[in-house]
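Okay, so here's the structure we're looking at.
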Amino acid sequence: MSRQVVTRFAPSPTGMLHIGGVRTALFCWLFARRHGGRFILRIEDTDLSRSTDDNIRIIEDGMAWCGLDWDEGPILGDPGHWKGPHGPYRQMQRMDLYRTKIQELLDKGLAYRCRCSREMLEERRRTVETAGRVFQYDRGMDAGKGCAGANHDASQPAAIRFRMPLGDSPILDAGDIVVKDLIKGDTRFPAGSLDDWIIARTGAGPGDIGVPTYNFCVVVDDTHMEVTHVIRGDDHLNNTPKQIPLFAAFGTAPPAFAHVPMILGADGAKLSKRHGATSITEYQAMGLLPSAVRLALARLSWTPKIHGKAVESAEEELLTDEQMIQLFDLADCQKSPARFDMDKLQWLNQKLIQRASWQELEPHLRPFMPEAWQGKPDAWKAQAIQATQKGKSLTDMAEALRFAFERPEVFDEKAVEKFMTAAVQPALREVGALTDYSHEGLEAGFNDILERHGLKTKDLAQALRVALCGRPVSPGIYDTLMLVGRDEVVARLDRWV
RNA sequence: GGGGCUAUCGUCUAGGGGUCAGGACACCGCCCUUUCACGGCGGUAACACGGGUUCAAAUCCCGUUAGCCCUACCA
């Protein structure tokens, strides 16, 4: 009996949504959608200092912009509420549950209070390590010096440690904890290499249970939220053997795990600020389509296979969301980290812009356009978009359309010198006299002028571009004229005739 | 130090005993062209290193090297 697939993305609010996180979220989302399951957004905010409503909002907005809609989690922009039956979806609001579960472990003797102070631990660590051995809390190397056997009462503040399996524990396989990973394959961790780790920090007073730690909360939440597939960054692979015994301690089967490789910068180092854009909002600001970001991110570490074969042409690279969802399979994911390729993203973006309709593009383009854009009629917008739809980004398109909104203030000197010749002068005057601004009308009028003045298309088109746009670059010349509009064309031509 | 993961063109990757090692992006060249672009055609370019196993190794095994992760009362 297989349960409904449930995946989750659990970022901590750091003030930005990292592009690597988005990719992880995308995989979770694709997997859930592929299997008709649910996708949960959960906020890991046990690091109190940076967990503000604003920072949580940044995550929500980033996810929403990317089109990664969640079935359960916070309601966008409404900090007080959430959707889904397993809320709240912010860890700080789930403390009661965690404390209950910790008490349960304490009662069962599967966890114990530890009064060792940081200083004591540090000192012991130093002595053990200078002796050339590995320090572990009350495990072999440091035997007998922990609190595990001490049966501490609750009369002193204490942290709480989880008793990790050792020896002949049934959850061990030949002394190893094995993580069955859908991407990495089976990975074995010798139980002896793991520690009795802290599941709750030292409480405020005697008997208190302090703030639980990340690895503990994850397990409680994933269990409580019925997560079936934990898809996360492979920096968590090493945390998994700590978590598996915890699932066992709670008497639940662990979910399936899939650890996706990291995204690296172009130089192979971990993607960070110095590589340029790391935050999803920066990609938004660059004029990228969310669909392009999704595709580019998905294609990092994932090779879609159509009938068992990888895509073999540029055409096939351009998967729609529907295709991605249909094709997504963790078995086709790479084990090794991938470098982020901005060129490929740009190319994807360009292709996706090209094949979108103007109506699809308009809402994405709008934020990059001046106020006056709003007032333009649809036909004009359609033409403006279609005339610039070869750009690599929305910002390129906006830039290419500036001439339609602003009179040029400065004129490219070289271009003026080259194209504003005495010979085109009279032709320019005649262009000002044209009245039929339909494409056909302009073309006819244009050709007529060329013929009578013995000019080549290039001569007049370039001179016009300079006069209208201040530079020799613009969309097709008829589009340029139509977008500027007759009255404005006449006005801009004025100083040249 | 201990434990774990990884390794094919510049980048993303296909291929998992016998391939001229395939594709995409980028790059270069040619063509098209009213500018910038788009588009079309073509090209350069890779199995980290060393040992095995085998008639045969990019592919299987073992080492080495390099990178990354965990080894916190961070997440």
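Side-chain atoms are counted along with the backbone in the values below, which use heavy atoms only and exclude waters and symmetry mates. Note that the structure is a prediction, hence the values are computed from the model and not measured. Letters A, B, ... are given to chains in the order of the sequence lines, protein chains preceding strands, and every chain is numbered from 1.
- Which of B:C5, B:G22, B:A75 sits closest to the side chain of A:Glu312 comes down to B:G22.
- For A:Asp196 and A:Tyr112, the side-chain atoms include at least one donor-acceptor pair closer than 3.5 Å.
- No engagement by A:Gly233 is indicated, since no non-hydrogen atom pair under 4.0 Å with the nucleic acid exists.
- With rounding to whole Å, A:Phe340 atom CZ is found 17 Å from B:G10 atom C1'.
- A:Arg125 comes within contact range of the sugar-phosphate backbone alone, with a heavy-atom separation under 4.0 Å but no base atom that close.
- Nucleotide B:C38 holds its C1' atom 14 Å from the CG atom of A:Asp479, rounded to whole Å.
- If you take atom P in B:U59 and the same atom in B:G17, they sit 11 Å apart, rounded to whole Å.
- At whole-Å resolution of the value, CE in A:Met342 and C1' in B:G10 are 17 Å apart.
- Just one of A:Val260, A:Leu26, A:Leu327 meets the side-chain contact (heavy atoms from CB on, under 4.5 Å) condition when paired with A:Trp302; it is A:Leu327.
- Among A:Gln346, A:Met286, A:Met397, the one residue that satisfies the side-chain contact (heavy atoms from CB on, under 4.5 Å) test with A:Lys392 is A:Gln346.
- Judged by distance alone, with hydrogens and angles left aside, A:Arg339 brings no side-chain donor or acceptor close enough to the base of B:U11 to form a pair under 3.5 Å.
- In this structure, CD1 of A:Ile198 is placed 12 Å from P of B:U71, rounded to the nearest angstrom.
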Given A:Gln462 and A:Arg465, is the side-chain hydrogen bond (donor to acceptor under 3.5 Å, both in side chains) satisfied, shown in steps? CA-CA 5 Å; A:Gln462 289 304 79; A:Arg465 287 192 167 96; 2.8 Å; yes
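- Put simply, CD on A:Gln243 is 12 Å from P on B:U71, counting in whole angstrom units.
- Across all strands shown, A:Thr457 has heavy atoms under 4.0 Å from base atoms, whether or not it also approaches the sugar-phosphate.
- Between the side chain of A:Arg465 and the base of B:U34, a donor-acceptor pair under 3.5 Å is found.
- Judged by distance alone, with hydrogens and angles left aside, A:Thr202 brings a side-chain donor or acceptor within reach of the base of B:C73, the pair sitting under 3.5 Å.
- A:Asp341 contributes no side-chain N or O that forms a donor-acceptor pair with the base of B:C12 under 3.5 Å.
- A:Lys242 comes within 4.0 angstrom of the backbone, heavy atoms only, and of no base.
- Summarising the geometry, the separation between CZ on A:Arg161 and C1' on B:U71 is reported as 13 Å, rounded to the nearest angstrom.
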As a quick check of understanding, evaluate salt bridge (charged side-chain N to carboxylate O under 4.0 Å, His left out) for A:Arg90 and A:Glu60, giving each step before the final call. CA-CA 13 Å; A:Arg90 289 173 60 164; A:Glu60 297 171 0; over 6 Å; no
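- B:U65 and B:C38: their P atoms are spaced 47 Å apart (whole Å).
- Across B:A26, B:C12, B:A14, the shortest atom-to-atom separation from the side chain of A:Asp343 is found for B:A26.
- Scanning atom types as modelled, no donor and acceptor separated by under 3.5 angstrom connect the side chain of A:Asp235 and the base of B:A75.
- Between the P atom of B:C36 and the CD1 atom of A:Ile477 lies a distance of 13 Å, rounded to the nearest Å.
- The residue A:Asp396 sits apart from the nucleic acid: no heavy atom pair falls under 4.0 Å.
- At whole-Å resolution of the value, NZ in A:Lys270 and P in B:G67 are 15 Å apart.
- For A:Arg201, the listed nucleotide lying nearest its side chain is B:C73; candidates were B:A7, B:C25, B:C73.
- With hydrogens and angles disregarded, a donor-acceptor distance shorter than 3.5 Å links the side chain of A:Asp195 to the backbone of A:Tyr137.
- Put simply, A:Gln354 has no side-chain N or O that comes within less than 4.0 Å of OP1 or OP2 on B:C38.
- Taking the syn range as angles within 90° of 0, the glycosidic angle of B:C70 is outside it, so the base is anti.
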